Amino acid sequence: MINIKNLHKNFGDLEVLKGIDLSIKAGQVVCIIGPSGSGKSTVLRCINRLEELTSGQIVVDGHDLYAPETDINYVRTEAGMVFQQFNLFPHMTVLQNVTLGPIKVRGMSKTEANKLGEELLKKVGLAEKAKNYPDQLSGGQKQRVAIARSLALKPKVILFDEPTSALDPELVGEVLEVMKTLAREGMTMVVVTHEMEFARDVADRVIFIDKGVIQVDGPPAEVFDSSKNPRLNDFLGKVAHQH
Amino acid sequence: MAFKFEPDVMVETFPLLLSGVKLTIIITLCGLLIGFAIGVICGLMKLSKNLLISKLAGSYVEIIRGTPLIVQVMFLYFGIPMASGLRIPPLTAGVIAIALNSGAYIAEIVRGAVQSIDYGQREAGRSIGLTKIQTMRYIIWPQSFRRMIPPLGNQFIISLKDTSLLVVIGVAELTRVGQEIIAVNFRAFEVWLTVGLVYLMMTLTISRVLKTVENRIERRGAR
């Protein structure tokens with residue numbers, strides 16, 4: 001599904017990613033954890049080409065992202081993205097936020113798109129908010145709309161970039177609940193997160209990135225309970241301390 | 001000879017000014033309409049990653065902003081015909097001058113408004129597969145346009161007043177008509193006072209309309 005080979009990324013003189021190799025199969029839920037500044041979000045953003053890589057190769061669903069013949073707009077529809085700051089379109093209603101992609105990108109008719117949009121809003125528990133504007137929603141509701149928006153294009157994988165980090169603690173649960181449902185339905189998901197409980201419960205695989213390289217990669221039980229990696233244990237210790 | 005204020009002169013002057021008012025409004029509207037088109041194009045050009053394109057628009061803005069409108073008007077009306085042999089009618093020259101001048105300022109308004117939209121909006125648009133142009137059209141532009149309305153209204157008022165400078169090329173707009181009336185009745189005080197009040201009436205009307213538009217947008221909720 002996603003194949004990353006020797007991914008390097010520099011921001012100016014700063015080398016953020018120093019050779020990431022990662023292969024994700026369809027249906028897998030992969031959580032990426034690590035301290036801030038470790039490069040975990042950058043990996044995710046490279047998979048959607050929101051960030052240009054410096055060297056290496058990324059293949060998503062058989063499309064080499066950096067091959068000149070690749071239509072990046074098409075590939076982006078196959079890899080949905082959910083942002084930390086939601087990034088809903090404030091001038092559109094909730095329903096319009098969800099249907100814009102299907103109408104403009106997939107060429108769906110408005111009636112068809114509205115039907116799909118209403119279905120998806122129901123799925124994330126916000127059917128009654130269809131006519132509202134984003135600034136009338138709570139953070140958790142906004143993020144659920146953002147998930148519905150990315151689902152509307154029927155992507156093969158959804159990339160979550162710290163989807164709950166901007167939320168008040170009491171709103172985190174409702175978003176994670178929706179994500180769990182997606183995971184159960186077999187959606188391929190790559191989640192950059194600080195929610196260790198979620199990673200432990202839902203992920204098939206947990207990846208620990210620090211200093212621009214993958215330090216640990218394995219099933220959650222192994223990563224959280226029996227890793228010998230000192231950096232990981234140091235990180236987990238600090239995170240546990242906060243909670 | 002003591003000065004004696006004659007309100008009657010103001011009452012007599014007012015209807016005579018109406019032809020000038022009409023022309024002032026026509027020049028302002030035509031000039032701003034073209035100026036808006038220029039401004040949108042140049043504002044977006046200034047945001048281009050292509051250095052040649054952005055520098056081209058940037059130079060235009062700098063040149064217009066850095067020279068007085070009255071010099072631009074006289075260059076257009078007296079200077080260009082001398083070099084090219086083509087005479088531009090004064091009204092056309094006036095409209096072109098207002099268009100070029102407001103276009104430069106509107107370019108800056110457009111650029112600023114577009115740049116003020118959070119970068120995440122662009123990324124969200126691109127991530128659902130919209131092209132750059134679609135992202136601009138459906139996501140960035142509608143949000144920026146709302147932010148442009150107050151400064152555009154301001155520009156409207158400035159350009160309306162700027163048309164008075166066209167007096168130097170003999171366009172029969174409001175100021176010119178006032179001047180002609182004084183040439184006959186020598187009542188500078190009453191006539192200029194009336195002319196000033198008429199300008200004020202027009203600009204206050206624009207302010208009022210603008211406030212209504214802004215309130216309506218605000219009431220619609222979304223930013």
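Every chain is numbered from 1 and lettered A, B, ... according to where its sequence line falls, protein lines coming before strand lines. These values consider heavy atoms only, across backbone and side chains, with no hydrogens, waters or symmetry-generated copies. Computed from a predicted structure; not experimentally measured.
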Check each atom of A:Phe83 against the heavy atoms of chain B and say whether the ones under 4.5 Å are side chain, backbone, both or neither. side chain
Could you give me the CA-CA distance, side-chain angles and deciding distance for A:His63 and A:Tyr74, then say whether ring-ring contact (aromatic ring centres under 6.0 Å, His included) is met? CA-CA 10 Å; A:His63 301 274; A:Tyr74 174 77; 5.6 Å; yes
The interface call for B:Glu123 against chain A, heavy-atom contacts under 4.5 Å, is both
Side chain, backbone, both or neither: which part of A:Leu159 has a non-hydrogen atom closer than 4.5 Å to chain B? neither
Looking only at heavy atoms and a cut-off of under 4.5 Å, which of B:Arg122, B:Lys132, B:Arg126 has the most pairs with chain A? B:Arg126
A:Ala146 portion near chain B, given a 4.5 angstrom heavy-atom threshold: neither
Given a strict heavy-atom distance threshold of 4.5 Å, which part of A:Arg45 is in contact with chain B: side chain, backbone, both, or neither? side chain
Measure from the side-chain N and O atoms of A:Tyr133 to the backbone N and O of A:Val94, and report whether any donor-acceptor pair falls under 3.5 Å. no
For the residue pair A:Arg149 and A:Phe89, would you count it as a cation-pi contact if the rule is NZ or CZ under 6.0 angstrom from the ring centre and within 45 degrees of the ring axis? yes
Mark yes or no: A:Arg49 above the aromatic ring of A:Tyr66, with NZ or CZ under 6.0 Å from the six-membered ring centre and no more than 45 degrees from the axis. yes
Please check if any side-chain donor atom of A:Ser41 sits under 3.5 Å from a side-chain acceptor atom of A:Asp161, or the reverse. yes
Pick from A:Asn48, A:Asn87, A:Leu50, A:Ile72: which one has the most heavy-atom pairs with chain B under 4.5 Å? A:Asn87
